[in-house]
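The first residue of the sequence shown is numbered 1, and numbering continues consecutively from there.
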Amino acid sequence: MNNNKTGASARAVLTMALALTAAAIGLAQPAAAAEKVRIAMVVKSLGNGFFDAAHEGAKEAAKELGDVDIIYTGPTTPTAEGQIEIINSLISQKVDAIVVSANDANALVPIAKRAAQRGIKVISFDSGIARAGRLMQLNPSNAELIGVKQIQMASEAIGGAGEVAILSATAQATNQNIWIGEMKKALAKPEFSKIRLVATVYGDDQSDKSYREALGLLRSHPNLKAIIAPTTVGINAAGKAVVDEKLVGKVYVTGLGLPSEMAGHVKSGAVKSFAIWNPIDLGYAATFAAYQFVKGKNQGKDGETVAVGRMGSIKLDASGEAALAPPFTYDAGNVDKFAKIF
Ligand code: RAM
């Protein structure tokens, strides 16, 4: 028995010595099961087709990278509180990166900082967190372009003159608020001097609330010529409200929409044209970028180049932000073709 014990401990010492020698001379250790990089995509809210498409892009990036698991999550309604709770639990799960579309730029900073302290790489996409809370913000496109484009589409639909109203997402949404600011700047230009913004309302990216807000606009502004919705949920609801109120041809809806959700509204005549970028590409690029941070290839400094797979690379500006492609315009001529994609 004594001998056995001695034998066992001698073997243990020998095994350890061999392992140490192997390590010292650089021989490979027995392969540990490869740990996957866990990237959590936290969206404004679940059930939004735009984010479902971004999720498709995230999955595509994960497949291409090979060693990534995607955790797709978000609150049921687009609130900062809901996202804070989720991020808290992602910190406990020790994910490697969080890619978030923020419901509030500032409210998420403390929890994002806590995640960063635990070594989690936090980046925002679509709707940004304030700089103190993230390593980078990936914008779908240039904000000024997005603002001007929507005013141009409204102007074309209504013959360059008349009352317009904005139906937005939540009042705190970083992205929509930036775009509304750009729309107001565009409206101040001489070419749009005959267009008057009479109201800005918030449907909170909920179909029913957006629909009610659209009805409210139509009823309280009898001379309204256009509703501009810089949200895929809002524009869809506004299109339905115009049809239900039998105002097709009198009030036009435009803004940012998904071809798959808007094709019917283009056919009904409620919408002449709308715009959007590719949400699949956005989710793909954001996931790919997060991976670069996890692998230590990027730190988020001004001027850094971040690889985004099949989309090439993006360069961070002085605010740690980068943008993808210009928005694309859809109308009766092309909407059906793209409706099959997103
Ligand atoms: C909604 C969301 C999202 C925005 C799009 C255009 O789906 O608010 O953040 O980018 O619209």
Exercise for review: Starting from the C-alpha separation in whole Å, work towards a yes-or-no answer on side-chain hydrogen bond (donor to acceptor under 3.5 Å, both in side chains) for Gln292 and Asn298.
Suggested key: CA-CA 6 Å; Gln292 306 309 312; Asn298 285 99; over 6 Å; no

Review point. Could you go step by step and tell me if Gln137 and Thr174 meet the side-chain contact (heavy atoms from CB on, under 4.5 Å) rule?
Key: CA-CA 11 Å; Gln137 153 65 11; Thr174 326; over 6 Å; no

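- Applying the side-chain hydrogen bond (donor to acceptor under 3.5 Å, both in side chains) test to residues at least two apart or on different chains, the pairs with a partner in residues 143-156 are Lys149-Thr329.
- The pair Asp204-Arg212 does not meet the salt-bridge criterion, since no charged nitrogen lies less than 4.0 angstrom from a carboxylate oxygen.
- The side-chain heavy atoms of Val242 and Tyr252, taken from C-beta on, include no pair separated by under 4.5 Å.
- Side-chain atoms of Val253 and His265, non-hydrogen and from C-beta on, never get closer than 4.5 Å to each other.
- Scanning all heavy atoms of the two residues, the minimum distance from Ile235 to Ala229 falls at N-CB, 3.4 Å.
- Of the possible polar contacts, none joining the Arg134 side chain to the Val100 backbone as a donor-acceptor pair under 3.5 Å is found.
- Ring pair Phe274/Tyr330 is parallel by interplanar angle, where below 30° counts as parallel and above 60° as perpendicular.
- Under 3.5 Å, the side chains of Asn278 and Tyr284 contain no donor-acceptor pair of N or O atoms.
- No donor-acceptor distance shorter than 3.5 angstrom exists from the side chain of Glu321 to the backbone of Asp317, with no hydrogens or angles considered.
- Put simply, the side chain of Ser141 gets close to the backbone of Ala325: a donor and an acceptor are under 3.5 Å apart.
- Residues Phe342 and Ser260 form no side-chain contact, since every pair of their non-hydrogen atoms from C-beta on lies 4.5 Å or further apart.
- To the nearest 0.5 angstrom, Leu90 atom CG is 12.5 Å from Ile39 atom CD1.
- Side-chain N or O atoms of Lys272 include one that pairs as donor or acceptor with a backbone N or O of Ala157 at under 3.5 Å.
- Side-chain contact between Ile84 and Leu108 is present, with heavy atoms from C-beta onward closer than 4.5 Å.
- In this structure, the separation between CG on Asp244 and NZ on Lys240 is 4.0 Å, given to the nearest 0.5 Å.
- More than 12 heavy-atom neighbours from other residues, nucleotides or ligands sit within 6.0 angstrom of NZ on Lys36.
- Defined by atom type and a distance below 3.5 Å, a donor-acceptor pair is missing between the side-chain atoms of Ser273 and Asp331.
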Point to revise | Verdict with supporting geometry, Gln176 and Tyr202, side-chain hydrogen bond (donor to acceptor under 3.5 Å, both in side chains) | key: CA-CA 10 Å; Gln176 271 89 13; Tyr202 300 90; over 6 Å; no

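- Contact record, Gly147 with Met183: O-CG, 3.6 Å, taken as the closest heavy-atom pair.
- The backbone N or O of Ala102 sits nowhere less than 3.5 Å from a side-chain atom of Gln172 that would complete a donor-acceptor pair.
- Taking CE of Met311 as the reference point, atom CG of Asp281 lies at 4.0 Å (rounded to 0.5 Å).
- Taking hydrophobic clusters as Ile, Leu, Val, Met, Phe, Trp and Tyr residues chained together by side-chain heavy-atom distances below 4.5 Å, Phe288 shares a cluster with Val294.
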Review point. Could you walk me through whether Glu60 and Lys63 pass the salt bridge (Lys or Arg N to Asp or Glu O under 4.0 Å) check?
Key: CA-CA 5 Å; Glu60 184 195 337; Lys63 199 168 166 207; over 6 Å; no

Point to revise | Intermediate values then yes/no, side-chain contact (heavy atoms from CB on, under 4.5 Å), Ile129 and Lys113 | key: CA-CA 11 Å; Ile129 303 188; Lys113 279 186 168 171; over 6 Å; no

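- The main-chain N or O of Glu35 is never found under 3.5 Å from a side-chain atom of Asp67 such that the two would form a donor-acceptor pair.
- A donor-acceptor pair is defined here as one N or O able to donate and one able to accept, closer than 3.5 Å; such a pair exists between the side chain of Ser92 and the backbone of Asn88.
- Contact annotation: the side chain of Asp96 never approaches that of Phe293 to less than 4.5 Å [non-hydrogen atoms, C-beta and beyond].
- Counting heavy atoms from C-beta on, the side chains of Asn48 and Val233 come closer than 4.5 Å.
- Residues Leu218 and Val251 are in side-chain contact: their nearest non-hydrogen atoms beyond the backbone lie under 4.5 Å apart.
- Grouping the Ile, Leu, Val, Met, Phe, Trp and Tyr side chains by contacts below 4.5 angstrom, directly or via other members, places Leu256 with Phe328.
- Looking at every heavy atom in both residues, Thr77 comes nearest to Ser45 through C-CB, 3.8 Å.
- In this structure, the separation between OG1 on Thr232 and CD on Glu261 is 5.5 Å, given to the nearest 0.5 Å.
- Residues Leu197 and Ile228 fail the side-chain proximity criterion, which asks for heavy atoms closer than 4.5 Å.
- For Gln93, the CD atom counts as densely surrounded, since its 6.0 Å shell holds more than 12 non-hydrogen atoms of other residues, nucleotides or ligands.
- Using the six-membered ring where Trp is involved, Phe125 and Phe51 have ring planes that are perpendicular, over 60° apart on the 30 and 60° scheme.
- The main-chain N or O of Gly296 is found under 3.5 Å from a side-chain atom of Gln299 such that the two form a donor-acceptor pair.
- Note that NZ of Lys301 is 10.5 Å distant from CG of Leu135, once rounded to the nearest 0.5 Å.
- By the 4.0 Å N-to-carboxylate-O rule, Glu163 lies close enough to Arg196 to be salt-bridged with it.
- Enclosure of atom CZ in Arg310 by more than 12 non-hydrogen atoms of other residues, nucleotides or ligands within 6.0 angstrom is indicated.
- Here the straight-line distance linking atom CD1 of Ile120 with atom CD1 of Ile87 works out to 9.5 Å at 0.5 Å rounding.
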